[in-house]
Amino acid sequence: MTDAPIRSRLDSDTVRNALLHVFLYGLAFLMAVPYLYTISRSFQPNELLRDPRPYWIPPLVGEPVTLEHYRYLVNNTLVVEWTINTFVIAGGATILIVVIDSMIAFSLTRLDWPGQGAILGLILASFMVPYYMNIVPLYQIVSDLGLINSYWGVILPAAASPLGVFLLYQFFKDIPEEYEEAARLDGFSTFQVYTRIILPLAKPILSALALFMFVYNWNAFLWPLLVLSEQTAYTLPIGLVNLYQGNIDTPGLHMAVAILGSLPLFIVYLLFQGQLVRAVQMQGATG
């Protein structure tokens, strides 16, 4: 008598979960369709690309798959140099942001000094200032420092983002003070509390911040375009846009450019996705 309702409820839950998974996988497939199409077209020869019929899967005649577009990018462009420049700039800015913003957030949440509220208010108020309003004075400062057409001219302004301070402030504030008190009783200094207590506990949110900042600085276009004047110093987004404009009749090359521009970000996301999910879960639990 009692097994039938339980079995019915289990069957309904199973069907509901199955339908939910079908819907989510279908939605994920729809979102992946443009990327799958781009990958397919980047390996097709120009003869197929100029055909009015779009081929998702190349026909098995002639030379259906080719690497000519990727060979052209590697052998006839500066795409390798652009990729290295972008890794240096995005990686350097990300490291500076994580280190500096974590120190600022730690001082605002764990130390007692006059003016904390004013500094935090100033950081929050900076969100209301449009980024483009700072372009001219920021460029003048970078120019006066002699940092035009250099890595530091792009990295240092990017490291002044208040977003990291705001995210880490919210997270550090929710860490129980008992951890710090126990560390103080064991003779930990302030710096040891920061490096051996706070940072290990904040590893998920730090990884999430690093991922966000790396993606943001990787895709940055306007500021690197203003600072970097030599073609060999270009970042990947700038170099690929210039390459795209000069090859308007080569769709396969455009597809290969899109793949090369997004592949490093995809790899970075795969490496940090676990930390990103954990950070979201911890924020939801403490919020």
Side-chain angles (χ1 to χ4, degrees), residues 86-131 133-134 138 151-152 154-184 186 188-220 223 264-265 267-287:
T86 312
F87 264 113
V88 172
I89 291 174
T94 300
I95 293 174
L96 279 181
I97 289 172
V98 171
V99 172
I100 295 175
D101 289 1
S102 63
M103 288 183 176
I104 296 174
F106 176 80
S107 67
L108 290 173
T109 56
R110 298 295 168 174
L111 303 181
D112 187 14
W113 46 276
Q116 285 178 301
I119 295 298
L120 179 61
L122 183 63
I123 293 174
L124 296 179
S126 65
F127 282 105
M128 297 184 290
V129 180
Y131 171 74
M133 290 184 62
N134 298 325
L138 191 59
Y151 288 155
W152 288 112
V154 182
I155 292 175
L156 291 179
S161 173
L163 177 61
V165 177
F166 178 72
L167 291 177
L168 296 178
Y169 175 85
Q170 299 295 324
F171 190 90
F172 288 180
K173 187 175 60 174
D174 294 328
I175 296 178
E177 295 183 358
E178 287 77 6
Y179 293 132
E180 181 179 353
E181 294 174 355
R184 297 287 187 185
D186 289 338
F188 279 31
S189 64
T190 300
F191 186 73
Q192 288 176 321
V193 171
Y194 165 72
T195 56
R196 300 175 62 180
I197 302 297
I198 301 299
L199 291 186
L201 291 174
K203 184 179 179 180
I205 192 64
L206 291 174
S207 300
L209 175 62
L211 177 61
F212 292 148
M213 292 296 100
F214 185 85
V215 172
Y216 175 80
N217 287 284
W218 180 278
N219 293 324
W223 181 248
L265 297 181
I267 296 175
V268 169
Y269 174 76
L270 290 180
L271 295 176
F272 285 92
Q273 63 173 339
Q275 297 293 338
L276 180 62
V277 172
R278 195 172 306 145
V280 174
Q281 292 175 340
M282 294 181 67
Q283 282 291 91
T286 56

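When a residue number appears, it is its place in the shown sequence, counting from 1.
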(request) State the CG-CE distance between Leu138 and Met133, to the nearest 0.5 angstrom. (result) 13.0 Å

(request) Check Phe171 against Ala202 and note the closest heavy-atom contact, atom names and distance. (result) CE2-CA, 3.5 Å

(request) Applying side-chain contact (heavy atoms from CB on, under 4.5 Å), name anything that partners Thr195, two or more places apart in sequence or on another chain. (result) Phe191

Per-pair distances, 0.1 Å, donor-acceptor, side chain in residues 209-216, under 3.5 Å, sequence neighbours excluded:
none

(request) Might you point out which heavy atoms bring Asp101 and Gly164 nearest each other, and give the distance in Å? (result) OD2-CA, 3.3 Å

(request) Please determine which of Tyr179, Phe106, Phe172 meets the ring-ring contact (aromatic ring centres under 6.0 Å, His included) test together with Tyr194. (result) Phe106

(request) Find out whether Thr109 and Ile198 are in side-chain contact, i.e. whether some heavy atom of one side chain is under 4.5 Å from a heavy atom of the other. (result) no

(message) Are Ile175 and Arg110 packed together at the side-chain level, in the sense that at least one heavy-atom pair is separated by less than 4.5 angstrom?
(response) yes

(request) Rounded to the nearest 0.5 Å, what's the gap from CG on Leu201 to NZ on Lys203? Could you check? (result) 12.0 Å

(message) How close do Ala105 and Leu168 get, counting heavy atoms only, and between which atoms?
(response) CB-CB, 3.6 Å

(message) Just verifying a value: how many Å separate Thr94 OG1 and Leu206 CG, rounded to the nearest 0.5 Å?
(response) 12.5 Å

(message) Within this structure, what is the OG1-CD1 distance for the pair Thr190 and Ile197, rounded to the nearest 0.5 Å?
(response) 12.5 Å

(message) Quick check on Phe188: does its CZ atom have over 12 non-hydrogen neighbours (other residues, nucleotides or ligands) under 6.0 Å away?
(response) yes

(request) Determine, stepwise, if the pair Leu156 / Leu96 fulfils side chain to side chain contact (heavy atoms under 4.5 Å, CB included). (result) CA-CA 8 Å; Leu156 291 179; Leu96 279 181; 4.2 Å; yes

(request) For the residue pair Ile155 and Asn217, establish whether any side-chain heavy-atom pair is separated by less than 4.5 Å. (result) no

Between side-chain atoms of residues 116-128 and protein atoms elsewhere (two or more places apart, or another chain), which donor-acceptor pairs fall under 3.5 Å?
unit_1: Gln116; atom_1: NE2; unit_2: Ser107; atom_2: O; d: 2.9
unit_1: Gln116; atom_1: NE2; unit_2: Leu108; atom_2: O; d: 3.4
unit_1: Gln116; atom_1: NE2; unit_2: Leu111; atom_2: O; d: 2.5
unit_1: Ser126; atom_1: OG; unit_2: Ile123; atom_2: O; d: 2.4

